[in-house]
K.L.:
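Once you've had a glance at the structure underneath, I'll fire off some questions.
Since the structure is predicted, the reported quantities are computational estimates derived from the model, not experimental observations. One is the number of the first residue; the rest follow in order along the sequence.
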Amino acid sequence: MAGAIWHAARFGPKPDTRSERLIRIGWAVLALALLAVGTFRDAGWLYVFCVLGAVACGSLAVAGGHSVRAVIVGALALPLAAFRAIPWLGRGASAWQKSREKGGTAGRIVLSLVVTVILLIVFGALLASADAAFATLLGDILPEINMRTFMRLLIYTVIGGLITAGAIFTVLAPPDLSGLERPSSRRIGRIEVALPLGGLVLLFAAFVAVQLRFFFGDKAYIQKTSGLTYSEYAVQGFGQLLVVTLLTLVVIGLVSRWAVKETVQDRVLLRSLLGALVLLSMVIVGSAVWRMWLYQNTYGWTRERLFFGSVELYLGGVFVLIALAGWKLRAGWFPRAAVAGFAGLLLFLGAANPEHFIAEQNVERFQKIDFWYLRALGPDAAPELVKLPEPYRSCALSWMVRDLRDNPDQWYAWNLSRDHARDLIAEIKSELRPAQGSCIAAERENANRR
């Protein structure tokens, strides 16, 4: 897909500057890196976000965009262009058919090769599914053909083809985002800026002052003074963070676009109010991050807690970017930096191997957590789960063993974590106990520990 898009881009209009071309290449590299996470990690929940991030980065690679509005439109370019490319593909196929009839044999040879490959794959897989000896001969070259495989192949081919066609359509006829890049002609004066922002700053300051004693308290203090359970307190902290972040981003975006900045007094007023708003928001961000940390140390690590905690840290970084942008009251780099930062977060999580980390933390303290959660972890966690004593190990690995046995990987679907997990399980296969008996024994011993 990337090769086809790159080839098509050679015939389309080029970005105006060399720096813009390098930025486009950077978006493309980020998109490919996010997709590559699936080759090394088996955490499906993380890969969903990586695929969505890859679509956004790939869209920005072909469409571009600088301002907030242009970046939003640019990030949606591929899904939107995929539908616009359907009639364009129809006209192109018709034109290609006419030119092929008039041309030489090159086009006929290419078409014949494509049809030959498709026929060999489909009929070879069907014959392999019908005869064990022939299947052994072919090995893992061809997938097993059944309705699930056929539907998955059909859906993936259609989606991949439409996204590729949409990207090629975009690089050959890029959207005009200049209207979204222009500064707004609408202006609001000092009073319209000072009163709403001043009121919001006072509200945030009062909230921080009242809640400051709870922000960094320990478990016993929080339960005694707030009347909330530790779980409710942590969830409430994340909700506060999310609302404050969205509110602050919207307010800063609107004020930055519409506020008057002609005089020194205007700029000083704007910097003071926005700076105070950002600083107060960062205090709430720090509080929420700290509460999530305490929560995880008390109740153990899970995918949700790790991901939301990482998002909290990312949003704290967004506030830092806002503070830097507010110094000059002008930052064309901010929207793209925020998107690239989230893509960087996903790549960091992929490199950090979150499920391995979760298993590592919980294995060290498995007697204090919900042990049954460990069974839901994927092959990324296998190196830590094999360290558990019996019968916990056999029970924790039971779902993974069944999944790896029932879903062998084809050569094109090779995954590093799954391959490593198979090797680890093969080494201890003789020591593993039956899943049902080991889980009953693990449940009994786990209850006695509490």
Side-chain angles (χ1 to χ4, degrees), residues 1-9 12 15 20-66 68 70-85 152-172 174-175 177 303 306-308 310-311 314-315 317-318 335-355 378 380 409 412-418:
M1 291 169 63
I5 297 168
W6 173 80
H7 178 71
E20 181 63 21
R21 289 195 292 270
L22 293 176
I23 290 174
R24 298 285 189 92
I25 294 173
W27 286 125
V29 171
L30 269 179
L32 293 175
L34 288 170
L35 291 176
V37 170
T39 303
F40 302 97
R41 301 288 176 246
D42 191 64
W45 60 272
L46 175 60
Y47 195 56
V48 169
F49 292 104
C50 289
V51 171
L52 295 176
V55 171
C57 292
S59 298
L60 290 171
V62 299
H66 296 82
V68 174
V71 166
I72 293 175
V73 173
L76 298 174
L78 284 186
L80 296 176
F83 296 101
R84 295 179 60 195
R152 183 170 57 187
L153 177 65
L154 178 63
I155 292 173
Y156 288 175
T157 302
V158 171
I159 293 176
L162 286 177
I163 290 179
T164 305
I168 294 175
F169 180 85
T170 303
V171 297
L172 294 179
L177 303 178
R303 298 163 176 165
L306 178 62
F307 181 73
F308 287 141
S310 301
V311 171
Y314 162 75
L315 294 176
V318 171
R336 293 187 292 187
V339 176
F342 192 74
L345 171 66
L346 294 176
L347 289 176
F348 173 78
L349 288 176
N353 199 352
E355 295 209 352
D380 295 334
D409 293 334
Y412 53 82
W414 181 85
N415 179 272
L416 178 62
S417 290
R418 293 175 66 86

K.L.:
Measure the CG-OG1 distance between Leu153 and Thr157 for me, rounded to the nearest 0.5 Å.
P.N.:
4.0 Å
K.L.:
Between CZ of Phe307 and CH2 of Trp45, what distance do you get to the nearest 0.5 Å?
P.N.:
7.0 Å
K.L.:
Rounded to the nearest 0.5 Å, what separates atom CD1 in Ile5 from atom OG1 in Thr170?
P.N.:
9.0 Å
K.L.:
Of all heavy-atom pairs between Glu20 and Pro15, which one has the smallest distance, and what is that distance?
P.N.:
CG-CB, 3.6 Å
K.L.:
Would a 4.5 Å heavy-atom cut-off, applied to side chains only, mark Leu30 and Leu347 as touching?
P.N.:
yes
K.L.:
Identify the two heavy atoms, one from Cys57 and one from Ala343, that lie closest to each other, and give their separation to 0.1 Å.
P.N.:
SG-CB, 4.0 Å
K.L.:
So Tyr314 and Phe342, would you call those rings parallel, tilted or perpendicular, with 30° and 60° as cut-offs?
P.N.:
perpendicular
K.L.:
Please round to the nearest 0.5 Å and tell me the distance separating atom CG of Asn415 and atom CG of Asp380.
P.N.:
7.0 Å
K.L.:
Heavy atoms only: give me the nearest Glu355-Ala43 pair and the separation to one decimal.
P.N.:
OE2-CB, 3.9 Å
K.L.:
Mind checking whether Leu416 and Phe40 have side chains closer than 4.5 Å, heavy atoms only?
P.N.:
yes
K.L.:
Quick one, Ile23 and Arg336 - any side-chain contact, counting heavy atoms below 4.5 Å?
P.N.:
yes
K.L.:
Testing the basics here: between Ala8 and Leu172, what is the closest heavy-atom pair and its distance to 0.1 Å?
P.N.:
O-CD2, 3.4 Å
K.L.:
According to ring pair (Phe, Tyr, Trp, His ring centres under 6.0 Å), who are the partners of Tyr47, at least two apart in sequence or on a separate chain?
P.N.:
none
K.L.:
Does any pair with a residue in residues 27-54 pass salt bridge (Lys or Arg N to Asp or Glu O under 4.0 Å), and if so which ones, sequence neighbours excluded?
P.N.:
Asp42-Arg418
K.L.:
Distance-only check: which donor-acceptor pairs under 3.5 Å involve side-chain atoms of residues 70-85, not counting sequence neighbours?
P.N.:
none

K.L.:
Would you name the heavy atoms of Trp27 and Ala340 that are closest together and state the gap between them?
P.N.:
CH2-N, 3.8 Å
K.L.:
With side-chain contact (heavy atoms from CB on, under 4.5 Å) as the test, pick out the partner of Cys50 among Leu46, Leu52, Val48.
P.N.:
Leu46
